[in-house]
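Worksheet: one structure, shown below.
Starting from 1, each residue takes its place in the sequence as its number.
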Amino acid sequence: MGKGFFHVPVAVNEPVKSYAPGTPEREAVLKQYKTYYNAKIDVPMYIGGEEVRTGNTNTMSPPHDHQHIVGQYHLAEKQHVEKAIATALEARKKWAAVSWEQRASIFMKAAELIAGPYRAKINAATMLAQSKTIHQAEIDAACELIDFLRFNVEYMSQIYGEQPESSEGIWNRVEYRPLEGFVYAITPFNFTAISGNLPASAAMMGNVVVWKPSDSQIFSAKVVVDIFKEAGVPDGVINVVYGDPVMITDTVLASPDFSGLHFTGSTFVFKELWKKIGANIHTYKTYPKIVGETGGKDFIIAHPSSNPKQVATAIVRGAFEFQGQKCSAASRVYLPKSLADEVLGHVKEDIASFNKPGSPEDMSNFVTAVIHEGAFDKLASYIDQAKADKEAEIIAGGSYDKSKGYFIEPTVILTTDSQYKTMTTELFGPVVTVYVYEDADWQKTLELVDTTSEYALTGAVFSQDRYALEEATRALENCAGNFYLNDKPTGAVVGQQPFGGARASGTNDKAGSMQNLLRWVSPRLIKETFVPSTDYRYPFMGE
C-alpha cells in the first residue's frame, strides 16, 4: 500500500447555475420534477446494509400541492433505533481505522456526483419536498452541499496537519481520533445541504452516525442517501431512521455509547435535548459533544445615510426568499424616520410585482408555500392579530390561503411598539416587522437591537457613513454570529462566511469551518522519547 503525505484538491465554491429560459439545466430539472411528481416512491429506513420497511407509514406531499401524494416513508419502532445504534457501533470497528485519505475520497466523490448526475435530482426533490424555487434549491441542495463536502475535506487535511513542536530527543505528535461511540444527527426541513452535512461532517472524521431527518424533508433526504451510497460510504456508517422524535431521541440518549449530538432545529427542542443529555450524564462512557444551530430573530438596521433602494432590496430578499423559512431570515427591521417612507415604498413596489405564491415548477414565482399546515396556521394567527392590534398595521400583503397549498402572502407589518410580539418572536415565515426610529436616536436604537431578542444569529447594518458602521459593529458585537455590512443577513457561503450564532441561536461552532470538524474528534497526544533517562536524579540535587 502506498504511503505519503497527501494533499487534497484545493476546494473551490461550486458555480451557481442560472436556470434561465432555454438553458439545459432548466430543462433537466423540470423534467426530473415531473418524474418525481408523477411517481410514488417508497422510502425505507437505512440500517446497515438493510432497507427497513415496517409497513407503518406516513405519506409525503408537496407543501404547494398538499392533496397530491408523491410517496410514503416507514416509521421506526424502538427496536429499529436500537438496531441502528448497534449497527453503527459494529461499523465503527472498521470505519474508524480507515485511513483519512480514503474517507476524503468518498466524500469528494459525493460532491462530484451532486455536481453532475445528481444535480437535477437533488434540486427537483428539494423543489418538490420543501417548495423551494429553483434558485433557492440550486444554492442549497446542489451548491452548498457540494461546498460543505469539498471544503470539509480540505479542513480535515489541515486539522490532521496541525502538529505540536518537538524538543531535542523527543517527537510529539497528535492524532485526531473519532469520538468513542456514535453521533446522533438531527436535521431540519429547510436546507437539504444541512441534512447532508450534519451526518457527513461527523462521518468524515471517522465517526458513525444515527441520522434522523425532518419528517418534512425525507423525500430529498433519500436523494442524499442515494448519493452517499453511490459515493461509497460503507454500510452502517450513516444509519437513517424516521418516526416519533421523542421515542427516537430517548432511545438514542439512553445509550452509554452516545458521544455527540449534531443538531439544527428549534431552540426549545435543542434546550430539551441538552437537558436530557445532562440528566443522563452518568450513563455515558464519555462527555458527549453537543453542537447545535437553532433559531434567530434576525435584524436589519438602516442608518440615516443609507441608500433606500439597497435597504429595500435587502428587506425583500432577506425576508421573503424561501418564504422566510431560514434561521437567518430578516424578520425585524429598524428604519430612520427620514428614510422610512422611501424604503417602504420600494418594498411595497417589489411585493406588488411578485406573482401570487404558487408552485416552484412555475419559475416566474419568487415565493411559494410554507412547509406544512402547522406553520401556515401559526403565521395566519400572527397576521390576524396584527390586523386587530392598534400598535400594528399591515402595509403590504396580509392574505393567506391553504385550499391547495400552504400559501402565505409576503407580509410587512409596521409597528409603533419596539417590543411588539412580531418584533420579538421567531415566526419562520414570510412576515417582516418594521419599527421606525427618530434619526437622532441612532445610538439608542443600536442598544434596542442588541437587547430586544434572545437570539444572536445574523444581522445587517446599512450605512454610507463609515463611523456609523464602526459604531454599529462595536455596539452589536454579541447579537449576531454572522454580521453583515451593507448586505442582507442571509446567504452565507461555505468557505467564505462560516455560519452560526450564539445566545439562544446555538453553540456557534460554525458549520462549514474547521471549528465544526474539531468537535467530532478527540485528540490524543503521543510523546516519544528516543533515549530515555536512566537516573532519577536532577541537577538541582547535586552537592
Side-chain angles (χ1 to χ4, degrees), residues 186 188 190-191 194 198 261-275 289-303 314-315 318-319 324-334 418-429 431-435 437 442-463 468-494 496-513 515-516 518-519:
I186 303 176
N190 57 338
F191 282 93
I194 294 175
L198 266 57
L261 172 67
H262 207 184
F263 175 89
T264 297
S266 81
T267 297
F268 177 81
V269 171
F270 186 55
K271 288 181 176 179
E272 288 297 299
L273 289 166
W274 197 299
K275 185 165 67 175
K289 303 286 184 76
I290 305 174
V291 174
E293 192 265 293
T294 58
K297 189 63 182 174
D298 309 297
F299 61 85
I300 294 174
I301 179 170
H303 184 261
I315 293 170
Q325 296 174 123
K326 302 180 181 183
C327 48
S328 59
S331 59
R332 55 185 173 120
V333 176
Y334 302 81
S418 67
Q419 301 303 306
Y420 184 66
K421 197 161 190 178
T422 60
M423 285 292 285
T424 59
T425 305
E426 184 184 37
L427 302 185
F428 223 67
V431 178
V432 65
T433 307
V434 178
Y435 174 76
Y437 69 92
W442 164 249
Q443 287 87 0
K444 290 181 181 178
T445 308
L446 290 176
E447 184 179 350
L448 186 65
V449 171
D450 183 45
T451 57
T452 289
S453 175
E454 65 175 322
Y455 298 108
L457 189 54
T458 73
V461 179
F462 277 81
S463 176
L469 288 175
E470 182 173 22
E471 186 177 19
T473 301
R474 290 177 178 171
L476 303 177
E477 177 183 7
N478 294 310
C479 66
N482 281 53
F483 189 68
Y484 297 82
L485 303 179
N486 293 317
D487 200 356
K488 61 185 172 68
T490 64
V493 176
V494 177
Q496 297 186 41
Q497 297 101 28
F499 189 79
R503 292 183 179 168
S505 290
T507 57
N508 204 15
D509 287 293
K510 297 297 186 191
S513 75
Q515 292 102 305
N516 185 278
L518 283 167
R519 299 285 275 152

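- Scored by the ring pair (Phe, Tyr, Trp, His ring centres under 6.0 Å) test, Phe263 finds Phe270 as partners (sequence neighbours excluded).
- Applying the salt bridge (Lys or Arg N to Asp or Glu O under 4.0 Å) definition to pairs two or more places apart or across chains, those involving residues 496-508 are Asp450-Arg503.
- Across Met423 and Tyr435, no two heavy atoms sit closer than the pair CE-CB, 3.7 Å.
- Remark: the backbone N or O of Gly295 is paired with a side-chain donor or acceptor of Ser505 at under 3.5 angstrom.
- Scored by the side-chain contact (heavy atoms from CB on, under 4.5 Å) test, Thr458 finds Asp298, Ser328, Asn482, Tyr484, Pro489, Phe499 as partners (sequence neighbours excluded).
- Taking all atoms of both residues into account, the shortest heavy-atom contact from Lys488 to Ala460 is C-CB, 4.4 Å.
- Distance alone, capped at 3.5 Å, places no donor-acceptor pair between the Ser463 side chain and the Ala468 backbone.
- When side chains are defined from C-beta on, Val269 does not count as touching Trp274, because their heavy atoms never get closer than 4.5 Å.
- Between Asp509 and Ile290, the shortest heavy-atom contact is OD2-O, 4.3 Å.
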Stepwise salt bridge (Lys or Arg N to Asp or Glu O under 4.0 Å) check, Lys444 with Glu447
CA-CA 5 Å; Lys444 290 181 181 178; Glu447 184 179 350; over 6 Å; no
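- For Thr433, the side-chain hydrogen bond (donor to acceptor under 3.5 Å, both in side chains) test picks out Thr422, with sequence neighbours left out.
- Closest approach of Phe483 to Ala472, counting heavy atoms only: CZ-O, 3.9 Å.
- Thr424 meets the side-chain hydrogen bond (donor to acceptor under 3.5 Å, both in side chains) test with no other residue; sequence neighbours excluded.
- Not counting sequence neighbours, Thr445 has no partner by the side-chain hydrogen bond (donor to acceptor under 3.5 Å, both in side chains) test.
- Judged by distance alone, the side chain of Gln497 and the main-chain N or O of Val493 form a donor-acceptor pair under 3.5 Å.
- Here the side chain of Arg519 pairs no donor or acceptor atom with the backbone of Lys289 at under 3.5 angstrom.
- Screening Tyr334, Trp442, Phe462, Tyr437 against His303 for a ring-ring contact (aromatic ring centres under 6.0 Å, His included) leaves a single residue, Trp442.
- Listed here is the closest heavy atom pair of His262 and Asn516: NE2-ND2, 3.4 Å.
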